Amino acid sequence: MDTSTYYDFGTAAERWGRAQQFFEAQEYVTAAGILEGLVAEVPEQVAPRLLLARAYYHSARLRKAETELLAVLERDPVEQYARLMLGRTLERQGRAADAGPHLRMAAALAGEFPDRG
């Protein structure tokens, strides 16, 4: 079976559900393949793009994860989980200095503030 046909088969809602199932089964590459089409179809929606970023992260495609997370944050700058994930993605790439501001922002958005002692 041609995988691109499988990835594109069904309604957007059916593909979203299928992508979530593959993600939950830790089949991140397959989930990403489905989500890439969804994101191209509905680029303004944050949820498919965030799940795509997570699939990229878990399949060690960190630059792609970073790109998707930046796109999420462009649409929703206070998306706490995207900030946290971007920080973790940057850390995993050995870019701790770049990660720091995103991790601090994620903590602040989650209501975690450092003690001022």
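In this text the structure is predicted, and so the values were computed from the model without any measurement.
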Side-chain heavy atoms nearer than 4.5 Å, only ILVMFWY residues, links allowed to pass through others: does that put [X] and [Y] together?
X     : Y     : result
Trp16 : Val39 : yes
Leu69 : Leu90 : yes
Leu35 : Tyr81 : no

Check the orientation of Phe23 and Tyr28. Use parallel for under 30°, tilted for 30 to 60°, and perpendicular for over 60°.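 Geometry flag for Tyr28 against Phe23: perpendicular rings.
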Determine, step by step, whether His58 and Gln26 satisfy the side chain to side chain contact (heavy atoms under 4.5 Å, CB included) criterion, reporting the C-alpha distance in whole Å, the side-chain angles of both residues, the deciding distance to 0.1 Å, and the verdict. CA-CA 8 Å; His58 288 297; Gln26 298 180 354; over 6 Å; no
Heavy-atom pair with the smallest gap, counting every atom of [X] and [Y]:
X     : Y      : value
Gln80 : Leu109 : CG-CB, 3.7 Å
Ala99 : Gly87  : CB-O, 3.2 Å
Ala19 : Ile34  : CB-CG2, 3.8 Å

Sub-4.5 Å side-chain heavy-atom contact between [X] and [Y]:
X     : Y     : answer
Lys64 : Thr67 : no
Leu73 : Val78 : no
Met85 : Arg54 : yes
Arg63 : Tyr56 : no

Is it the case that the side chain of Arg18 and the backbone of Ala13 share a donor-acceptor pair, with hydrogens and angles ignored and the cut-off at 3.5 Å?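 It does not hold such a pair.
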Does any pair with a residue in [range] pass salt bridge (charged side-chain N to carboxylate O under 4.0 Å, His left out), and if so which ones, sequence neighbours excluded?
range          : answer
residues 70-90 : Arg88-Glu91
residues 38-52 : Arg15-Glu41, Arg49-Glu68
residues 24-37 : none

Option passing side chain to side chain contact (heavy atoms under 4.5 Å, CB included) with Leu86 (candidates Leu103, Asp98, Leu70):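 When side chain to side chain contact (heavy atoms under 4.5 Å, CB included) is applied between Leu86 and each of Leu103, Asp98, Leu70, only Leu70 qualifies.
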